[in-house]
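Note sheet for the following structure.
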Amino acid sequence: QKEVEQDPGPLSVPEGAIVSLNCTYSNSAFQYFMWYRQYSRKGPELLMYTYSSGNKEDGRFTAQVDKSSKYISLFIRDSQPSDSATYLCALGGDYKLSFGAGTTVTVRA
Amino acid sequence: DAGVTQSPTHLIKTRGQQVTLRCSPKSGHDTVSWYQQALGQGPQFIFQYYEEEERQRGNFPDRFSGHQFPNYSSELNVNALLLGDSALYLCASSLYHRQSNEQFFGPGTRLTVL
């Protein structure tokens, strides 16, 4: 069993839709929860960072963490074509990040 | 504020050769971590350098080695290249004592092994 499982996608949504991305994990030692956005052939860009259960909002992005269920989510409201990218969940312990495989999202104009 | 930089952008090598990749961390950061990202996969942790020492290592063979310099920049060396080493190599920088594990990535070096 992988440490981090991410819904594989791909997802294709119309402009303005809500995008929902999810990851589950098995190691309860993870303390930090992140979402990265990666455009094709580029490095990952940190989108959201949190360390507690609950919701965190930043503009059109909402990160949700449920430590009891070992489940994290990212919601993108009012999606735009510029949101088309691969989204990676990343979980941190004391030194390294463990990533999901990524979900590729396409927002159709 | 300069972000994480990596060089070269692309590299093509043949099996058995050796390669060196370079990374400069974000201004103010003292820790560099290296990751390997195969096509269609998430990044996999290779190792982390702080104070010019390898602090932690992932599940990678000894063919993968590194170095950190006094100015915090870092190199990743891979010996005896295999076809399976073809990947995007990512460098991430962070602050060691911040304990938050917030890591910022560079654009990566795409290595192709023929």
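What you see below is based on every heavy atom in this structure, not just the backbone, and it leaves out hydrogens, waters and symmetry mates. Chain identifiers are assigned alphabetically (A, B, ...) following the order of the sequence lines, protein sequences preceding nucleic acid strands; residue numbering begins at 1 within each chain. If you're wondering where the values come from, they're calculated on a predicted model, not measured in any experiment.
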Neighbour count >12 (heavy atoms, 6.0 Å) for atom CD1, Ile18(A) = no

request  = Any chance you could measure Tyr36(A), atom OH, to Phe104(B), atom CZ, to the nearest 0.5 Å?
outcome  = 7.0 Å

task = Tell me, for Lys96(A) versus chain B, whether the close heavy atoms (under 4.5 Å) come from the side chain, the backbone, both or neither.
result = both

ask   = Are the side chain of Glu102(B) and the backbone N or O of Tyr49(A) linked by a donor-acceptor pair below 3.5 Å?
value = no

query = Can you say whether Tyr50(B) sits under 4.5 Å from chain A via the side chain, the backbone, both, or neither, judging by heavy atoms?
reply = neither

Leu114(B) atom CG, neighbour heavy-atom count above 12 within 6.0 Å = yes

query = Closest approach of Leu90(B) and Gly43(A), non-hydrogen atoms and distance?
reply = CD2-CA, 3.9 Å

key: Within 6.0 angstrom of Lys13(B) NZ, more than 12 heavy atoms from elsewhere   = yes

message = Is it the case that over 12 heavy atoms from other parts of the model lie below 6.0 angstrom from the CG atom of Asn59(B)?
response = no

query = Between Arg110(B) and Arg41(A), does a side chain to side chain contact (heavy atoms under 4.5 Å, CB included) hold up when you go through it step by step?
reply = CA-CA 8 Å; Arg110(B) 185 161 299 280; Arg41(A) 296 182 171 267; 3.0 Å; yes

inquiry  = So if I take each residue of residues 97-109 of chain A and look for any heavy atom under 4.5 Å from a heavy atom in chain B, which residues do I end up with?
reply    = Leu97(A), Phe99(A), Gly100(A), Ala101(A)

task = Is it possible for you to say whether Leu95(B) and Tyr49(B) belong to one hydrophobic cluster, with membership spreading through side-chain heavy-atom contacts below 4.5 Å?
result = no

Which portion of Gln38(A) sits near chain B, non-hydrogen atoms under 4.5 angstrom = side chain

task = Mind checking the CG-CD spacing from Leu88(A) to Gln37(B)? Nearest 0.5 Å is all I need.
result = 6.0 Å

message = Out of Ser94(B), Gly58(B), Pro43(B), return the one with the most heavy atom pairs under 4.5 angstrom to chain A.
response = Pro43(B)

ask   = Quick one: are Gln103(B) and Tyr32(A) in side-chain contact, heavy atoms under 4.5 Å?
value = no

task = Taking atom CZ of Arg55(B) as the centre, report whether more than 12 heavy atoms of other residues, nucleotides or ligands fall under 6.0 Å from it.
result = yes

ask   = For Tyr51(A), is it the side chain, the backbone, both, or neither that has a heavy atom closer than 4.5 Å to a heavy atom of chain B?
value = neither

inquiry  = Taking atom CD as the centre, does Gln68(B) end up with more than 12 heavy-atom neighbours from other residues, nucleotides or ligands that are less than 6.0 angstrom away?
reply    = yes

